[in-house]
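To start, I am sharing the structure in question, which I have written as structure tokens.
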Amino acid sequence: STDYAEVGRVSVVGTSENYFAGKMDDVRSFTRVLTQSEIAHLTSSRGIEGGPSTSATVIASTSRGSASNSVTTDAIDTTGADMICVNVATYNKLGATVTDSEGNTWSALTVDINNTQRNGIFYCMNPTTSSTHTFTYSELSSFPSIAVMAFSGVAAFDSEATSTQSGAGTTILAGQVTPPTDDCLLIACGSFEGGTISSVDSGFVLQEVNPYLAYNYQGNMAAYLNQS
């Protein structure tokens, strides 16, 4: 809607009436449709930004690369997951979306571009899960690799940040985010062209690494931290 909104009253022909008989101390406006889990989370917390997770647990993960136009992971058991994160690393293009064996709908975060490298994170809240869950990314001449992490104990998505580094190097700083409260799940994903990733500092668990394979596919990594 392009019209204005009123909270706590109704304006009729230039006058205001039907004032709310009480006090309001937490009014929020969102620019997207909330999921059912996010709506439920609002009733027992400080809001979507208040406590997106409580000691989230990674229950399954996998990664794989492909020298063709499409890559599909091995099957993993995602039973009990309430959030699945998929990191996609490609060469020169990243315009498709993730698909999976359970037909879930995926939300895409900002695609990070560094010369010919592309990196994108996709996530799904309250996914349909299975004991033989597979994940696929397909795009012509993309030489893709993907890394998947399935978590339990996550209530909502909060924010994102990206960072790039050109040229040779041994370290890279991740984009900065500020956790809104304690017990947030932080996820760090990335792609690289050459070598591999050996560690992520600041207490992150390096869950999946798919090393770069020249003329075959991009390197890919996924890590997480339960911030306290």
field: Ion pair check, D112 and R118, cut-off under 4.0 Å
entry: no

- request: Measure across T105 and C124 and return the closest heavy-atom pair with its distance rounded to 0.1 Å.
  value: O-SG, 3.5 Å

query: Given the side-chain rings of F157 and Y123, with only the six-membered ring counted for Trp, is the space between their centroids under 6.0 Å?
result: yes

task: Give me the ring orientation class for Y137 and F122: parallel if the planes are under 30° apart, tilted from 30 to 60°, perpendicular past 60°.
output: tilted

message: Could you check whether atom OH of Y212 has more than 12 heavy atoms from other residues, nucleotides or ligands sitting under 6.0 Å from it?
response: yes

statement: Heavy-atom closest pair (A60 atom, I76 atom, distance to 0.1 Å) is CB-CD1, 3.9 Å

Nearest non-hydrogen partners of A96 and S138, listed with the distance: CB-O, 3.4 Å

field: Interatomic distance, Y91 atom OH to N115 atom CG [nearest 0.5 angstrom]
entry: 10.0 Å

field: Nearest atoms (heavy-atom pairs only) where V71 meets P144
entry: CG1-CG, 3.7 Å

- request: Say whether I187 and V205 are linked into one hydrophobic cluster, either directly or through other cluster members, by side-chain heavy-atom distances under 4.5 angstrom.
  value: yes

task: Check the hydrophobic clustering (I, L, V, M, F, W, Y; side-chain heavy atoms under 4.5 Å; chains of links allowed) and say if L206 and M149 are grouped together.
output: no

task: Output the distance between atom OG (S202) and atom CD (Q227), rounded to the nearest 0.5 Å.
output: 12.0 Å

Cluster link M125 to W106, ILVMFWY, side chain under 4.5 Å: no

query: Name the one of T73, D74, T134 that satisfies side-chain hydrogen bond (donor to acceptor under 3.5 Å, both in side chains) with R64?
result: D74

query: Do E208 and M221 have side-chain heavy atoms sitting under 4.5 Å apart?
result: no

message: Within the 3.5 Å criterion, strictly below it, is a donor on S68 or S66 matched to an acceptor on the partner's side chain?
response: yes

field: Reported CG-to-CG distance for the pair L185 and D158, which is rounded to 0.5 angstrom
entry: 11.0 Å

Per-pair distances, 0.1 Å, donor-acceptor, side chain in residues 78-88, under 3.5 Å, sequence neighbours excluded:
residue: T78; atom: OG1; partner: S130; partner atom: N; Å: 3.2
residue: T78; atom: OG1; partner: S130; partner atom: O; Å: 3.3
residue: T78; atom: OG1; partner: H133; partner atom: ND1; Å: 2.8
residue: T79; atom: OG1; partner: D77; partner atom: OD1; Å: 2.7
residue: D82; atom: OD1; partner: G153; partner atom: N; Å: 3.3
residue: D82; atom: OD1; partner: V154; partner atom: N; Å: 3.0
residue: D82; atom: OD2; partner: G153; partner atom: N; Å: 3.0
residue: N87; atom: OD1; partner: N119; partner atom: ND2; Å: 2.9
residue: N87; atom: ND2; partner: N119; partner atom: OD1; Å: 3.2
residue: N87; atom: ND2; partner: G190; partner atom: O; Å: 3.3
residue: N87; atom: ND2; partner: N220; partner atom: OD1; Å: 2.7

field: Spatial distance of atom OG (S141) from atom CG (N69) [nearest 0.5 Å]
entry: 5.5 Å

- prompt: When you look at E102 and T129, which way does the side chain to side chain donor-acceptor pair (under 3.5 Å) test go after all the steps?
  reply: CA-CA 7 Å; E102 306 309 307; T129 62; over 6 Å; no

- prompt: In Å and rounded to the nearest 0.5 Å, what is the OG1 to CG distance from T196 to L213?
  reply: 11.5 Å

- line: Rounded to the nearest 0.5 Å, the SG atom of C189 sits from the OH atom of Y224 at a distance of 13.0 Å

- prompt: Of all heavy-atom pairs between N210 and Y217, which one has the smallest distance, and what is that distance?
  reply: ND2-CE1, 3.5 Å

message: Does Q218 form a side chain to side chain donor-acceptor pair (under 3.5 Å) with S191? I'd like the steps, not just the answer.
response: CA-CA 7 Å; Q218 300 293 306; S191 63; 5.6 Å; no

message: Can you confirm whether P179 sits close enough to L186 that some side-chain heavy atom of one is under 4.5 Å from a side-chain heavy atom of the other?
response: yes

task: Check for a donor-acceptor pair, side chain of K93 on one end and backbone N or O of L140 on the other, with a separation under 3.5 Å.
output: yes

message: Can a side-chain donor-acceptor contact be found between T90 and E139 if the only test is distance below 3.5 angstrom?
response: no

- request: Please check if V111 and I121 belong to a single hydrophobic cluster, counting links between Ile, Leu, Val, Met, Phe, Trp and Tyr side chain heavy atoms closer than 4.5 Å.
  value: no

statement: In terms of heavy-atom contacts, P127 and N104 come closest through CA-OD1, 3.4 Å

query: Are any of the side-chain heavy atoms of V177 and S159 separated by less than 4.5 Å?
result: yes

message: In the structure I gave you, are the side-chain heavy atoms of I59 and F151 within less than 4.5 Å of one another anywhere?
response: no

